[in-house]
There are 2 protein chains.
Amino acid sequence: MTAGERNGADESIEVGTPSDPEAALARLAGRHAVGYRSVGVMAYDIIREAILDGTLPPGHKLRQETLAELIGVSRLPVRSALIQLESDGLVEFHDRRGAVVKSLSVEQAREVYQLRILLETAALRQSMADMTDQRLARLRELGRTADAKQEGGDFVDARTAFYAELYDAARRPIQWELIEQLRLKVGRYMLGWRLVGDDTHHHSHDELTDAVAAGEVEPAVQLLQHHLEGVRDGVLEMLEAESLAQAAPARRRRSRG
Amino acid sequence: MTAGERNGADESIEVGTPSDPEAALARLAGRHAVGYRSVGVMAYDIIREAILDGTLPPGHKLRQETLAELIGVSRLPVRSALIQLESDGLVEFHDRRGAVVKSLSVEQAREVYQLRILLETAALRQSMADMTDQRLARLRELGRTADAKQEGGDFVDARTAFYAELYDAARRPIQWELIEQLRLKVGRYMLGWRLVGDDTHHHSHDELTDAVAAGEVEPAVQLLQHHLEGVRDGVLEMLEAESLAQAAPARRRRSRG
DNA sequence: AGTCTGCATCTTGGATCCAGAAATCACGAT
DNA sequence: ATCGTGATTTCTGGATCCAAGATGCAGACT
């Protein structure tokens, strides 16, 4: 109860930074303020979401004090959250120097997609061997939702729900856990993917559902693989552009004009 | 056979201390006592090792206070360690009631080995496509060491080093990370595996190295897969025996969901 | 006599406080 | 003027303290 009351009402703490991650984070904190059993997991959810939706960009330094103030809790649950996020591979601890948002290198992204293709095509094969009408129906619904939402906060969530059903996550919890870990690593770049990707993917989930419904294993696997490769290429493009952008602006503060 | 001395019957049914896990833990704590930068990671290492070598059996209740005293630190780094271990899948938190050592079900073990076969055969294929003489030499050495050590505390470590080299872990860090996660889940049961496994595996690492050196991909993959399946069967046997032992003296005590 | 409810105790989870280390800034020397 | 060195300041990591929730037992009521 005490935790939910600080809704971060005045986010005017440090207004002035260009992207204002603090204001956005305070807004996130407000949305998550109520209905949590422990503030530790609340802090975890807030920071996690902030990283995944780009509010806290890769490389951003995560000061415990600031985060604690913005979320409205003590530094301790923030530390817990950061430790969890480190295990998730989203943040990185520097020995006595605090934590930063982990950024993904091009090689890492390539490896992630290689692994996703390996794990997800295997999951699809296994899942299709055991398909039921009920799951197909749910799949259609979820696929339609996923295809419809091409942007927004629940963009990733819709896809996650679709693939969870597609891979029959309930029957292979560990495999799904691994897949989710991998998706988490690239989730932050998925938002930008649509911007550079063309429109050929707009109905991919529906097409995939068709192949699954028809029981055609190899075509379905091919569809999935091509889809993942397409997303991968988009993410890679974005990453390369980002790394170029980071290399260029070596602006000194004291540079004379 | 130091590892398998307990007959497994009275092991960890309740909080009852079969052979004083506290004393063993204190010994572990002594070994780890010096040379750590932060006590949080020390606590993590100690508890992790205690779980993996069976000192803290599955189902064991982990009281923060006790652990803190045994390790010789405050409860806070213990909490940090437990949070990390939860992310590793080794312990499980029950909302306001503390943490317990997670136990592995037969289904979970089966899934773990299914995934290990998938990921590790893929890693082997990729690694063999890029083999060098230096790595082969290191591999021979590590394989010999692994085959030699059939017991003891560094039993698992020797194998880990061998497979890290075999899969060229340095070039595929994420894939190796996933493999390590999976190996971690079954590591606690690997110690007992040798007891039920026959002696046909005694030179498996050396044989595997031979196939790798010869550049014969499919035979090497087959060797690896068979090896993993053999270990899997041993672990499954052990798990089934253990679950039977647990089923018999059913001390029901308000089990929770 | 059995069961439900209320109280006491234990244990986790959170906050505040303290110490150690690292980065920064200022001052001095070259 | 620039670089190196030392002091200050800031921030992380740890310990102790406090509150909230859950469990278990005991007593009372049906």
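To find a chain, count down the sequence lines: A is the first, B the second, and so on, and within it residues start at 1. All of these numbers come straight from a predicted model, not from anything done at the bench.
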For atom CG of Leu76(B) and atom C1' of dT11(C), their distance in whole Å: 15 Å
Working to the nearest 0.5 Å, report the span between OG1 of Thr145(A) and CG of Asp157(A). 12.0 Å
Contact between Leu166(A) and Leu142(A) at the side-chain level, heavy atoms closer than 4.5 Å - yes or no? no
So which heavy atom on [X] is nearest to which on [Y], and how close?
| X | Y | result |
| --- | --- | --- |
| Leu239(B) | Tyr189(B) | CD2-CE2, 3.5 Å |
| Arg188(A) | Pro58(A) | NE-CD, 3.0 Å |
| Val91(B) | Ile51(B) | CG1-CD1, 3.6 Å |

Determine yes or no for a side-chain-to-main-chain donor-acceptor pair under 3.5 angstrom, with Arg75(A) supplying the side chain and Ala68(A) the backbone. no
Please check: side-chain N/O of Tyr113(B) versus main-chain N/O of Val235(B), any donor-acceptor pairing under 3.5 Å? no
How would you summarise protein contacts on nucleotides 8-13 of chain D per nucleotide, using B for base, S for sugar-phosphate only and - for none, with heavy-atom distances below 4.0 Å? ---SBB
Check residues 167-179 of chain B and write down every donor-acceptor pair under 3.5 Å in which the side-chain atom is one partner and the other belongs to a residue at least two apart or another chain.
{"residue": "Tyr167(B)", "atom": "OH", "partner": "Glu120(B)", "partner atom": "OE1", "Å": "2.4"}
{"residue": "Gln175(B)", "atom": "NE2", "partner": "Leu119(B)", "partner atom": "O", "Å": "3.2"}

What is the bend of the helix from dA1(C)-dT30(D) to dT30(C)-dA1(D) when you compare the axis at one end with the axis at the other, using five pairs each and rounding to 10°? 10°
